[in-house]
Structure formats: C-alpha cells, structure tokens
There are 2 protein chains.
Amino acid sequence: MDSLVKRIGYYSEVDSHAFESIKRLTHKIETRSPGQEIVVEGEHVDFVFVVVSGWAIRFRMMDDGRRQILNFMLPGDCFDLMAIGRARSDHSVSAASDVTLRRIRADDFMKTISNDPQLATSFWWAAIQEEAILREQIVRVGRRTARERVGHLILELNRRVAAVTGELSDHLALPVPQALFADALGLSIVHVSRTLSRLKADGLVRTTRAGIEIMNRKKLSELCDFDSRYLHLEKLKFKPYGRTTPD
Amino acid sequence: MDSLVKRIGYYSEVDSHAFESIKRLTHKIETRSPGQEIVVEGEHVDFVFVVVSGWAIRFRMMDDGRRQILNFMLPGDCFDLMAIGRARSDHSVSAASDVTLRRIRADDFMKTISNDPQLATSFWWAAIQEEAILREQIVRVGRRTARERVGHLILELNRRVAAVTGELSDHLALPVPQALFADALGLSIVHVSRTLSRLKADGLVRTTRAGIEIMNRKKLSELCDFDSRYLHLEKLKFKPYGRTTPD
DNA sequence: CGCGGGTTTGAATGAGTTCAATCACGGTGG
DNA sequence: CCACCGTGATTGAACTCATTCAAACCCGCG
C-alpha cells in the first residue's frame, strides 16, 4: 500500500482524504511465487491488481515457446487500468519473483476513482507513464544494440524504483534471474551474460549477490542514450478537464 | 471524417446524435507531405489530430540518426488521446505519405467527449486498441524473425485498413516506401527487401505498383503466428462505469 | 559432500547488416 | 517522343553481432 501511495502521489497532489478512500477499498492480499499466473491471456479482467512487493511481468508467449516480456511491474505499479471489465486480456501477467499483490474489484475501484478527481488524475497519469514505457521498450528492442539494451533497462528500472522509494540509489536490487532480462530485451540468456560482463569490464556496472551497482551513471547513460524524460517523472500540475471516459 | 466515423463506430453503438456532436467540433483541415512534422517530441500537445487520408507515423529518433517507428497511423486513427494538454510528447509524429488531418482543440474535444458517454466509450476503446498494437509491436520486434515481422506487419495493416473500409481485402495499398517498414520492424532496408522477395518466391504475397497482394492468407498467418485477437476488433458491448478520469 | 538452479565461457553457426553496384520506373525537359 | 534523372528497390559479397550447443563453473542449501 505504501508503495502505491508513493507511486501515485508522485505525480499529483493527493490529499489525505483521497488516500483514505484508496485504503478503504475492499481488497484481498494475495501472494504468488515465481512463474505463477496472475492474469491469463484471453480472459476477462475483473480485478485491478497493485503490486505490493516483489516483481511481476507482463508478457506474451508464442506457440513454440518464445517469450517476450512487455514490461516489468514493480511495487506500486498497477494493472490493468485501461482494459478492466471490458476487453479480454491480450497478454498474461505472472509473478517474476515472490510477489505480494493487492486485488481490488474493478467496479469498486472505478467507483472510487470516479468520485475523486484527484485520484483519477493520478491513476490517469500512471497509465500515461505506462504507455510511455511501452513505447521506449519498442525503441530499445527495435533499434538498440545489446549493450545499449542492457544498460538502458538497468537505468530505467533504477529510476522506476527511485520513483517509489523516493531516492535515487546507485544500487538496483534484482529479484529476478537474468533469463528475464533476455526475454525482455529480445536477446539470448548467453548474450545478456556476455554483455553484462563487458559492461563490468568497462567499469560501468558491478554485479553483487542479487543486484547491480551502477558505477558510472553518466557514462552509462550516454552510452545507452538513456534520457529519463520518457518516464514523465516531473510533478504534474493539476489541470482538470470535463469527464473523459464512459459514464 | 468518414473514416473516423467508421473507425470509432466499429467498437460501439454510436447514435446519430453523437456523430453530430463530433461533426460540430470546430476543427481545421491540414495537409502534410511525406516527412513533415505533425507533433514534435518534447512539445506540449494541445490538439487532437485525426488522420483523414494518407498515413502518418509515430516515431522516436536517436542521436546518431537511428529511427524507430512505433506505429503507423491510418485514416480514422487519432492521437494523442491520452496525453493531451498534460504531458510533453515523448515521441514525434510525421506524415509518412501525403496526409490530410483534422485538427481539433484539445479542450473542445474533451468537453464534447465528456458530455457523451457513448462517444467516450468509443474513443476509450480506440485507446485500448492502440495500446494493444504497441504491445504487439514489442513482440514483433523482440522475438520474431525478419520473415515473421514482415508478414505480421502486412497482416496487421491489412486488418486495420479493413476495420475502416468495412471489408477485408487481399490487397493492401502501401503509400509509403519500404524504408519505413525497415524502421518499424527494426531491420535494414536491404533485409526487408530480401525478406519480401522470399515471401514472394514462396507464393505468399505478390507486390504490385503501390501495394501488396496477399496470396495465401492462411499460410501467411500461420507462418507469422498472426492472431488478430490482439486488435480487439470484436464489437464492444456498452457497459458504463462511473467517471474514470480527471474531472 | 553433492545436488541444482542460475551464470559463465568457448567454439561453431547463422541471421541480419553494410557497402556498393545495379536495376526499375515514373517524371521532366529538350 | 525520347533521353535523362532521381528515388526507391534489388542483388552480391564480406562482415558482424548475436545465437546455439555444450561444457564448466559458482554458490547456496539440504
């Protein structure tokens, strides 16, 4: 919950009253171990999930077993804001590490959101950000070299964690195996390993027991053409419109 | 305009009254020739654009000139529903062919949408669909072979055109050079050409003056693992919630 | 100590790129 | 009407980056 508050509060002023309404939402805490499903491709989505702790992944499988990870879901992230209750999910969501989730009924969630413009703005903003991350993922996989991909993803995750913890650390805790990096970056496990080794050899990063240390952020950012603006982390000024969605 | 109506009306029942409100929207018709900018990365987005005719592209440029096309915008498509008036655009939009656009002021648009739940649903649905297309683009570029990428994109564009014209034709008119396919698929121009040749040699497609003929849809679809469900083309049942966005 | 998941390393292979030349074709001007 | 031009498409040859397969390694854990 705390991470959700941090994450959502990052973008716009959300007063204590609004937080109270989130907290009052009936919900169920669930846990999953690595690999377990959360949302299955092809099924209707009747719940909003919020990651409390651990990582989850959105992904699509191909018939022959190839897997593409669309995005990592970190604590504070939620899904599927957009498609709830309407569409069949076109991708799956699974636990990447041990993960704790808050499950909220879609219509409860929507009702709460509808009654609080500030909350609505915050979640809307989170959805914008998520779409931006998808777009960057396309660029990363489509036009970047392996080296750039790996570095770029590390920097993105690092920033996203910072948005929730509130401080930008040079250490990125990685609760997931490198195989997931491979499937996220469209590379083979072997090549991810080799590429990381090269980054290490160049003094850009260091790997620790379960994480990555960013040794030279500036050089790494340049090397990977990383520009955090796409994450839309600037504070949002509250600027209401009329209602913008189905009533 | 007609294409917008077709496109938007595809997903949900939109009565004549709703269409009237769209039509009444003050707007400006603009034209662009190939390469000209429509939305520039980093700038605020104060207008909603709807493609009337021709193709546009959303894309990101890298410093050294590499370009990744995120998505093609076909007649009836609109942008940027999500980010209007709030964020700086994290990508650019340009004309891919000669293109005609309808430009609508963001707040006018929002006001109209807010007052018509059915319209709101339709546009909401279009946004869901667009996000799904982005996700599929990630899979395409991340985990598919060149052959699969090319075939898959052809099939997607073919379907999307069909959603506007109302009938699924085996001929896909291509108003853009192959170079754009390359930048969309994360391949070199040369390899797109080679790959298309191979598809031709296998009797799967044929290229005509300014288009592609799909010779064997079934085989091509299997070969490319194309499953149109991600396009969410099923008719939407109207199922209102409360307001879901900033008020 | 030995097992097992995850990571690393090496060697051979392969898919896709690059560079450069050629080709096809529609448009233009003489 | 035809020669010329330019853009975009195609082809070939050499090369590079990433994959594959297989073996070795590392380390936490029972």
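Chain naming here is simple, since letters A, B, ... match the order of the sequence lines and numbering starts at 1 in each. Treat the numbers as computed from the prediction; the structure is a model and nothing was measured.
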Side chain of B:V190: nearest nucleotide among D:dG12, C:dT7, D:dA9?
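Nearest listed nucleotide: D:dG12.
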Pull out every protein N or O sitting under 3.5 Å from an N or O of nucleotides 12-16 of chain C, one pair per line with the distance.
unit_1: C:dG16; atom_1: OP1; unit_2: B:A146; atom_2: N; d: 3.0

Indicate whether any N or O donor in one side chain lies under 3.5 Å from an N or O acceptor in the other, for [X] and [Y].
{"X": "B:T100", "Y": "B:T31", "result": "no"}
{"X": "B:R217", "Y": "B:N158", "result": "yes"}
{"X": "A:R102", "Y": "A:H27", "result": "yes"}
{"X": "B:Q129", "Y": "B:Y230", "result": "no"}

Review point. Any side-chain N or O of A:S197 under 4.0 Å from OP1/OP2 of C:dT9?
Key: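 True: A:S197 side-chain N/O within range (under 4.0 Å) of C:dT9 OP1/OP2.
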For C:dT8 and A:K200 - does any side-chain N or O of the residue sit under 4.0 Å from the phosphate oxygens OP1/OP2?
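For C:dT8, OP1/OP2 do have a side-chain N/O of A:K200 under 4.0 Å.
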Q.
Without decimals, in angstroms, what is the distance between B:D183 CG and C:dT17 P?
A.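 Rounded to the whole Å, the gap is 11 Å.
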Report task. Could you tell me the separation between the CD1 atom of A:I212 and the P atom of C:dT7, rounded to a whole number of Å? Result ->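 For the pair A:I212 CD1 and C:dT7 P, the rounded distance is 10 Å.
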Any chance the rings of B:F123 and B:F109 have centres within less than 6.0 Å?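 B:F123 vs B:F109: aromatic centres under 6.0 Å.
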key: B:D183/B:R66 ion pair, N-O < 4.0 Å   =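 Result for this pair is no, no salt bridge flagged.
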